[in-house]
Amino acid sequence: MDETEFWKIVDAAREDAEGDAEEQADLLVERLTRLDPDSVLDYARHFEARYNRAYLWDLWGAAAVLFDGAGEEVFDSFRCWLIGQGREVYEGAVHDPDALAELLDDFDVEIDGDGEEIGFAADEAYEALTGAETPDLGIPMPGGEPLGTPLDLADDEALAARFPRLWERFGAG
């Protein structure tokens with residue numbers, strides 16, 4: 001599976017789920033179980049690589065603006081959700097997290113941003129196909145702090161200064 005195929009699966013599930021992350025996760029599992037186990041592992045590697053790439057202070061800060069605060073679990077779930085938004089939103093946000101102000105049509109903390117189940121879709125599909133847990137994918141986890149310039153996630157002034165467009169649209173201020 002190449003990157004284009006990965007994003008096609010993500011995009012098709014997102015479109016069919018009409019923005020419902022839980023439904024998207026269910027659709028991903030359903031579609032991945034139509035593939036062979038090696039293809040599911042390829043999908044999982046693509047997902048994990050993007051999840052790790054999004055381990056950035058600026059994305060964590062953007063999540064803090066969107067959620068009016070974001071701890072580690074919220075940020076982890078947010079990164080899964082961000083991948084689930086598709087290539088354009090994901091790449092745009094990784095490149096410039098403040099661009100989420102334009103990339104997102106809307107953001108409702110009650111229904112958006114929680115992509116934990118999306119993050120487990122490949123594991124569920126692999127287990128359904130093989131009866132075994134997903135093996136080690138060989139992708140190192142990011143260690144320690146996120147990449148980039150650290151940010152006080154509880155400092156509204158710092159968040160507003162770092163993400164002016166996002167803050168203006170979604171911030172608590």
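The first residue of the sequence shown is numbered 1, and numbering continues consecutively from there.
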Please report the C-alpha distance between R79 and L59 in whole Å, then the side-chain angles of each, then the deciding distance to 0.1 Å, and finally whether the side chain to side chain contact (heavy atoms under 4.5 Å, CB included) criterion is met.
CA-CA 8 Å; R79 289 186 288 154; L59 274 178; 5.5 Å; no

List the steps, then state whether salt bridge (Lys or Arg N to Asp or Glu O under 4.0 Å) holds for E91 with R50.
CA-CA 9 Å; E91 293 292 345; R50 278 145 195 83; 5.1 Å; no

Could you walk me through whether L56 and F75 pass the side chain to side chain contact (heavy atoms under 4.5 Å, CB included) test, one step at a time?
CA-CA 10 Å; L56 305 168; F75 182 50; 5.7 Å; no

Determine whether D11 and R87 satisfy the following criterion, salt bridge (Lys or Arg N to Asp or Glu O under 4.0 Å), listing intermediate values before the conclusion.
CA-CA 8 Å; D11 288 338; R87 187 178 207 164; over 6 Å; no

Please determine whether side chain to side chain contact (heavy atoms under 4.5 Å, CB included) holds for the pair Q85 and L103, giving the CA-CA distance in whole Å, both sets of side-chain angles, and the decisive distance to 0.1 Å.
CA-CA 10 Å; Q85 297 310 292; L103 293 168; over 6 Å; no

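For the ring-ring contact (aromatic ring centres under 6.0 Å, His included) condition, no pair includes a residue of residues 115-161, sequence neighbours left out. Among residues at least two apart or in separate chains, side-chain hydrogen bond (donor to acceptor under 3.5 Å, both in side chains) pairs with a member in residues 131-140 are D123-T134.
Atom CD of E102 sits in a crowded spot, with more than 12 heavy atoms from other residues, nucleotides or ligands closer than 6.0 Å. Around CD of E116, the count of heavy atoms belonging to other residues, nucleotides or ligands within 6.0 Å does not exceed 12. Atom CD of E15 sits in a crowded spot, with more than 12 heavy atoms from other residues, nucleotides or ligands closer than 6.0 Å.
Checking side-chain atoms of E48 against main-chain N and O of I139 turns up no donor-acceptor pair under 3.5 Å. A side-chain donor-acceptor contact under 3.5 Å links E5 to the backbone of D2. At least one donor-acceptor pair under 3.5 Å links the side chain of W60 to the backbone N or O of A70. Within the 3.5 Å criterion, the main-chain N or O of P140 finds a donor-acceptor partner in the side chain of N52. Within the 3.5 Å criterion, the main-chain N or O of P146 finds a donor-acceptor partner in the side chain of W57. A distance-only check finds a donor-acceptor pair linking the side chain of D98 to the backbone of R165 [under 3.5 Å]. Using modelled atom types, no side-chain atom of S77 and backbone atom of V74 make a donor-acceptor pair closer than 3.5 Å.
In this structure, the ring of F107 has its center less than 6.0 angstrom from the ring center of F67.
Between the CG atom of D20 and the CG atom of D26 there is a distance of 8.5 Å, given to the nearest 0.5 Å. The CD1 atom of I9 lies 9.0 Å from the NE2 atom of H46; values are rounded to the nearest 0.5 Å. With rounding to the nearest 0.5 Å, the separation of CD in E23 from CG in D16 is 8.5 Å. Of the inter-residue distances, the one linking R14 atom CZ with W7 atom CH2 reads 9.0 Å to the nearest 0.5 angstrom. Separating the CD atom in E124 from the CG atom in L129 is a distance of 12.0 Å, to the nearest 0.5 Å. Rounded to the nearest 0.5 Å, atoms CZ (F163) and CG (L66) are 10.0 Å apart.
Taking 4.5 Å as the limit, some side-chain heavy atom of L41 sits within range of a side-chain heavy atom of P135. Looking only at side-chain heavy atoms (C-beta outward), L100 and V65 stay at 4.5 Å or farther from each other. Between F6 and I83, some side-chain heavy-atom pair lies under the 4.5 Å cut-off.
Evaluation of the side chain to side chain contact (heavy atoms under 4.5 Å, CB included) rule for D105 yields no partner, not counting sequence neighbours.
The shortest non-hydrogen separation linking A128 to T33 is CB-CG2, 4.0 Å. Taking all atoms of both residues into account, the shortest heavy-atom contact from V10 to Y43 is CG2-OH, 3.8 Å. Minimum heavy-atom separation, W81 to A21: CD1-CB, 4.4 Å.
In the hydrophobic clustering of ILVMFWY residues, with side-chain heavy atoms under 4.5 Å counting as a link, L32 and L27 come out apart. Criterion: ILVMFWY side-chain heavy atoms under 4.5 Å apart, direct or through other members. Under it, V29 and V40 are not part of a common hydrophobic cluster.
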